[in-house]
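Report on the structure given below.
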Amino acid sequence: MTRCRYLLALNFGTIRGMTPSPAVSAAGALAADHPLVDGRTADSPLITAYRGGKPSRRPVWFMRQAGRSLPEYLKVREGIAMLDSCLRPELASEITLQPVRRHDVDAGIFFSDIVIPLKLAGVGVDIVPGVGPVLEKPVRTAADVAALPQLTWEALEPIREAVRLTVAELGRTPLIGFAGAPFTLAAYMVEGKPSRDHLGPRTMMHADPETWNALANWAADASGLFLRAQLEAGASAGQLFDSWAGSLGLGDYSRFVAPASSRALDHVRQLGAPLIHFGTGTSELLVAMRDVGVDVVGVDYRLPLDEANRRLGGTVPLQGNIDPALLAAPWEILEAHVREVIAAGSAAPGHVLNLGHGVPPETDPAVLTRVVQLIHSISPE
Ligand code: CP3
């Protein structure tokens with residue numbers, strides 16, 4: 001089925017007349033000593049479920065499992081800026097491993113950020129605590145886009161090094177690599193900062209589609225290379241985060257965004273690692289998000305998984321979708337909710353438990369550990 005989807009995706013690209021991005025031809029197969037190839041992770045519960053097989057236990061990981069909910073994270077980050085911490089390989093690796101050690105989750109998610117490819121390309125960007133990504137200069141005109149520096153493969157060496165250190169420690173637990181999807185990344189670039197409605201990029205798509213497409217393709221290639229660096233260095237799966245795609249209607253998504261997201265994934269498809277696509281507020285976009293050519297669809301907390309599966313025609317494994325708000329509810333309420341999510345997910349051809357968005361920073365980490373224990377205690381039938 002994965003193979004079939006891959007061919008479909010290639011076909012989709014051809015139909016839309018997209019030119020393959022330059023790095024595509026350069027990417028080959030994963031190396032013989034890659035964890036997915038040498039037997040370390042191919043049969044893990046996570047990869048088995050992503051491929052639609054029967055896992056030995058119910059796999060679970062959490063978006064933002066590394067980070068401010070963990071005292072050990074706050075300790076190692078003391079005095080170090082967020083993006084600097086991502087570019088110190090030992091530190092990024094240590095932060096990635098912290099939640100795996102503590103919670104016994106079924107995957108590590110590489111500690112980095114969707115704006116790291118911008119930073120490594122030489123774009124002036126920072127993450128302001130409590131705010132999010134802020135650019136020195138927003139990208140709003142054709143000249144702004146033309147002036148963007150290209151991300152090089154060499155600049156990604158700190159990322160590859162952090163991944164190598166991490167997978168050496170993880171053993172049989174897979175590492176998930178990730179990248180921001182072109183829309184979410186471009187949304188920050190146009191606005192220059194986080195925004196609620198993403199008016200800037202949504203205006204640009206219609207008012208100046210040529211500039212929008214050039215920007216979306218730039219972001220696709222930067223994100224695609226960033227993800228490819230992680231996969232080639234040892235990550236066993238890759239997740240494309242289109243966190244803000246939910247601000248788009250299906251028409252705009254299909255016309256102005258899906259081709260660029262597909263282009264980002266063109267950089268990694270032939271590596272054969274499972275690919276997951278996640279966004280929030282995307283209940284109406286799930287089919288279009290699958291059709292950019294991915295193996296797994298991540299569902300946010302708004303749509304029950306049985307309904308998501310119905311909309312997708314039972315074609316792909318799902319990931320999700322415990323409501324992060326319930327992490328702060330009394331245990332009985334949270335437990336009942338987790339059991340409901342598992343029951344709804346059983347309709348799909350595979351299910352990896354996760355939250356419906358990231359771990360809130362104020363979460364009690366002991367609750368996350370208990371949720372993992374609960375999920376692992378329920379047999380994967
Ligand atoms: O466990 C993990 O998921 C770790 C890796 C990770 C981070 N960011 C670390 C991070 C991942 C996968 C991301 C992706 C990311 N970054 C997304 C997509 C996922 C999502 O949450 O929707 C987005 C939209 C961003 C952009 C971004 N970076 C935001 C909105 C913020 C929060 C700003 C704030 O301070 O509230 C960041 C900063 C960030 N990225 C933090 C972490 C752990 C917090 C920074 C800190 O600890 O000081």
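We count ligands from 1, going down the list as the structure has it; atoms in each ligand are counted the same way. All of these numbers come straight from a predicted model, not from anything done at the bench.
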Tell me every residue that passes salt bridge (Lys or Arg N to Asp or Glu O under 4.0 Å) with Arg311, counting only those two or more places apart in sequence or in another chain.
Glu284, Glu307
Residue list, salt bridge (Lys or Arg N to Asp or Glu O under 4.0 Å) with Arg370, at least two apart or on another chain:
none
Backbone N or O of Val60 within a donor-acceptor pair of the Asp106 side chain at under 3.5 Å?
yes
Protein heavy atom at shortest distance from [atom]:
atom	answer
atom 29 (C) of ligand 1	Arg64 NH2, 3.6 Å
atom 38 (C) of ligand 1	Ile127 CG2, 3.6 Å
atom 18 (C) of ligand 1	Ser243 OG, 3.2 Å
atom 8 (N) of ligand 1	Asp113 OD1, 3.1 Å
atom 23 (C) of ligand 1	Ile114 CD1, 3.6 Å
atom 35 (O) of ligand 1	Gly130 N, 2.9 Å
atom 45 (C) of ligand 1	Met82 SD, 3.6 Å

Which atoms of ligand 1 sit under 4.0 Å from any heavy atom of [X]?
X	result
Phe110	5 (C)
Phe178	11 (C), 12 (C), 14 (C)
Ala66	1 (O)
Pro133	26 (C), 27 (C), 29 (C)
Gly132	33 (C)
Arg77	46 (C), 47 (O), 48 (O)
Ser112	5 (C), 6 (C), 7 (C), 8 (N), 9 (C)
Tyr73	43 (C), 46 (C), 47 (O)

Does the structure place the NZ or CZ of Arg202 under 6.0 Å from the centre of the six-membered ring of Trp212, at an angle of no more than 45° from the ring's axis?
no
Do Arg196's NZ or CZ and the ring of Trp244 fall within the cation-pi criteria of under 6.0 Å and 45°?
no
Tell me the nearest of Tyr188, Phe241, Phe62 to atom 24 (C) of ligand 1, using heavy-atom distances.
Tyr188
Result of checking Pro138, Pro133, Pro201 against Glu191 for side-chain contact (heavy atoms from CB on, under 4.5 Å):
Pro201
For a side-chain contact (heavy atoms from CB on, under 4.5 Å) with Phe226, tell me which candidate from Ile159, Asp221, Leu185 qualifies.
Ile159
Using the salt bridge (Lys or Arg N to Asp or Glu O under 4.0 Å) rule, pick out the option among Arg88, Arg101, Arg77 that qualifies with Glu94.
Arg101
Centre-to-centre under 6.0 Å for Phe183 and Phe256, is that the case here?
no
Phe241/His277 aromatic ring centres below 6.0 Å
no
Geometric N/O contact His357 with ligand 1, under 3.5 angstrom
yes
For Phe278, state whether at least one heavy atom is located under 4.0 Å from any atom of ligand 1.
no
Can you tell whether the side chains of Arg164 and Glu161 come within less than 4.0 Å, N to carboxylate O?
yes
What about Phe111 and Leu97, same hydrophobic cluster or not, with Ile/Leu/Val/Met/Phe/Trp/Tyr joined at side-chain heavy-atom distances under 4.5 Å?
yes
Taking non-hydrogen atoms only, is Arg68 closer than 4.0 angstrom to ligand 1 via side chain, backbone, both or neither?
side chain
